[in-house]
Amino acid sequence: MTTSLAGANRGIADNILDLIGDTPLLRLPPSFAPGVEAEILLKFEPANPGGSVKDRIALAMIRGAEERGELRPGGTVVECTSGNTGAGLCLVAAALGYRSLIVIPDKMSQEKIDTLRAFGAEVVITPAHVPAGHPEHYLKVAERLAASIPGAWWANQFGNPDNPGAHYRTTGPEIWAQCDGRLDAFVAGCGTGGTITGTGRFLRERNPAVRIVGVDPPGSVYEPYWRTGELPAAGTYAVEGVGEDEIPDSWDREVVTDYEVVDDAESFAVARRLARETGIFVGGSAGLALAAGLRVGARLGAGKRVVVLIPDSGKNYLTKVYDPDWLRDNGFLDRVPAAAATVGDLVRRRPRAALLPEETLDLAWRQIADRGVRPLPVVAARPDGELLGVADEDRLLELLAAGSSPQDSISSARRR
Ligand SMILES: Cc1ncc(COP(=O)(O)O)c(C=O)c1O
């Protein structure tokens with residue numbers, strides 16, 4: 001490793017990359033959780049220049065690829081990511097003069113996509129609800145593009161040892177030093193699992209008694225697999241950045257000593273309350289990790305210290321976690337009672353313009369034309385009404401051109 005990943009945040013920095021890592025550790029005001037006697041410390045990753053914990057692995061993976069000769073001047077960095085790793089990679093690529101191409105599923109927030117484009121990245125959008133292994137799955141698309149573009153290198157955060165390696169070399173040592181070696185638990189949500197694996201490995205090497213607590217939304221496979229050793233069917237959840245439907249190489253079951261499950265409603269409620277009551281503005285996955293951290297702190301009790309990793313800022317989620325209409329539409333906030341409703345509330349209550357996956361391409365086409373709304377969301381049947389993807393004329397024409405019939409259902413056409 002030629003570039004120090006941490007420790008350069010003092011005085012005048014010469015390069016934006018020198019601002020990556022060395023993030024603050026912030027004490028949670030005890031008034032936020034009066035019943036929790038343990039000290040709760042937040043490892044505050046929104047302080048990274050790209051706004052998330054993923055800047056660390058972006059820098060480590062690109063430096064690793066350069067050192068192995070896999071990425072050369074003029075090359076293209078390719079990755080498939082729900083956002084933060086993409087932003088980190090595009091930032092590092094821009095700073096070092098590489099092109100970047102990011103493949104992202106269509107359920108991701110517009111802010112995240114716009115952030116990638118701000119760094120000059122090319123963004124390829126793929127359907128969110130195709131199964132792993134499908135040729136249109138974002139992993140497959142990234143792999144194909146990396147293989148076909150000369151000079152391209154696929155970062156592959158789920159299989160790249162520099163992902164957990166970055167946390168082993170930076171996040172873990174920083175926390176250990178900031179705590180003077182005195183901590184009882186480290187709590188983090190798992191997306192790739194790189195954070196918990198690298199940080200947890202380092203901390204347990206220093207003190208095997210430190211609890212390393214993973215956090216999952218219900219529907220992710222990590223917690224059930226960690227508990228039983230068997231891979232369950234994956235479910236769905238709205239929190240972004242954490243949870244998986246497969247077990248990647250970047251997550252090591254042996255490092256994790258405990259697992260907590262926190263649902264979307266609690267994750268979002270904790271994040272929102274944190275912003276209002278303390279001014280600490282974080283994303284939904286930070287709400288998930290903090291909800292679990294409070295449980296761990298309550299169990300451990302007075303005199304103990306829990307470090308919770310805060311992956312990113314609430315700014316990425318203004319149209320979701322911090323939008324009361326989105327929360328209400330998705331069942332995370334109570335509806336306004338009819339007697340107190342404004343005209344806006346009543347208009348929002350009309351049945352939404354949306355398609356079901358079992359509806360035909362023909363109906364989808366007519367709905368788009370009749371309602372003049374494009375793209376139209378494709379949502380799962382109630383009660384959960386989860387967003388599965390989006391449909392517009394271009395996408396429907398692509399499916400028809402690829403051999404689907406107008407009478408095929410949207411879900412079967414997308415699987416072809
Ligand atoms: C917002 C957010 N939270 C948490 C994580 C989890 O980090 P890791 O992939 O290291 O498990 C990610 C990863 O993408 C993320 O974007």
Side-chain angles (χ1 to χ4, degrees), residues 21 42-46 48 50-61 79-89 102 104-105 107-109 111-113 115-116 138-139 155-172 186-202 212-217 220-223 226 237-253 255-256 259 262 264 267-268 270-271 281-293 308-317 320-321:
L42 309 178
K43 181 65 172 162
F44 200 69
E45 296 299 301
N48 283 299
S52 90
V53 64
K54 293 295 186 171
D55 288 3
R56 295 175 185 271
I57 71 163
L59 179 55
M61 293 192 299
E79 183 57 308
C80 43
T81 163
S82 59
N84 283 329
T85 304
L89 284 167
I102 304 294
I104 181 165
K107 73 172 184 177
M108 291 307 153
S109 52
E111 298 97 310
K112 284 188 173 176
I113 297 171
T115 304
L116 303 174
Y138 69 133
L139 273 166
N156 186 17
Q157 62 171 335
F158 287 93
N160 190 329
D162 288 331
N163 167 6
H167 294 290
Y168 182 85
R169 286 193 301 274
T170 69
T171 320
F186 172 70
V187 182
C190 305
T192 66
T195 304
I196 197 128
T197 298
T199 311
R201 189 173 285 152
F202 179 89
I212 305 298
V213 185
V215 196
D216 241 3
S220 167
V221 300
Y222 280 127
E223 188 273 342
W226 175 83
Y237 37 86
V239 64
E240 292 181 37
V242 286
E244 262 311 311
D245 51 11
E246 294 184 304
I247 301 291
D249 292 341
S250 44
W251 178 83
D252 182 355
R253 185 178 175 210
V255 170
V256 185
Y259 242 102
V262 177
D264 289 334
S267 303
F268 300 157
V270 168
F281 188 34
V282 302
S285 66
L288 167 131
L290 180 54
V308 177
L309 190 120
I310 301 298
D312 70 352
S313 156
K315 273 196 194 151
N316 284 336
Y317 309 95
K320 290 189 167 179
V321 180

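Everything numeric in this text was worked out from a predicted model, so none of it was measured. As the structure lists them, so they are numbered: ligands from 1, and atoms in each ligand from 1. Nothing fancy with the numbering, it's 1 onward along the sequence.
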Enumerated ligand 1 atoms positioned under 4.0 Å from heavy atoms of [X]:
| X | value |
| --- | --- |
| Val242 | 4 (C) |
| Gly193 | 8 (P), 9 (O), 11 (O) |
| Asp312 | 1 (C) |
| Cys190 | 11 (O) |
| Thr192 | 8 (P), 9 (O), 10 (O), 11 (O) |
| Ser285 | 1 (C), 2 (C), 3 (N), 4 (C) |

Restricting to non-hydrogen atoms, name the atom on [X] and the atom on [Y] that form the minimum distance, rounded to 0.1 Å.
| X | Y | value |
| --- | --- | --- |
| Leu89 | Ala155 | CD1-CB, 3.9 Å |
| Gly86 | Leu116 | C-CD2, 3.3 Å |
| Asn163 | Gln157 | ND2-O, 2.9 Å |
| Val187 | Ala292 | CG1-CB, 4.1 Å |
| Val255 | Arg201 | CG1-N, 3.6 Å |
| Trp251 | Cys190 | NE1-SG, 4.0 Å |

* Rounded to the nearest 0.5 Å, how far apart are NZ of Lys112 and CG of Asn316? ->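 Spacing of NZ (Lys112) from CG (Asn316) equals 5.5 Å.
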* Asked: Strictly under 4.0 Å, does any heavy atom of Thr85 approach an atom of ligand 1?
  ->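 Judged by the 4.0 Å heavy-atom criterion, Thr85 does not count as contacting ligand 1.
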* Asked: Any idea which of Gly284, Gly241, Gly283, Pro311 brings a heavy atom closest to atom 12 (C) of ligand 1?
  -> Gly241
* Residues in ring pair (Phe, Tyr, Trp, His ring centres under 6.0 Å) contact with Tyr168, at least two apart in sequence or another chain ->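 With neighbours one apart ignored, the set is Phe202.
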Ligand 1 versus [X]: contacting region, heavy-atom distance under 4.0 Å:
| X | answer |
| --- | --- |
| Tyr317 | side chain |
| Gln157 | neither |
| Asn84 | side chain |
| Thr195 | both |

* **Which residues share a side-chain hydrogen bond (donor to acceptor under 3.5 Å, both in side chains) with Ser220, sequence neighbours left out** =>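 By the side-chain hydrogen bond (donor to acceptor under 3.5 Å, both in side chains) rule, Ser220 matches Asp216.
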* Any nitrogen or oxygen of His167, main chain or side chain, under 3.5 Å from a nitrogen or oxygen of ligand 1? ->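 By distance alone, the answer is no.
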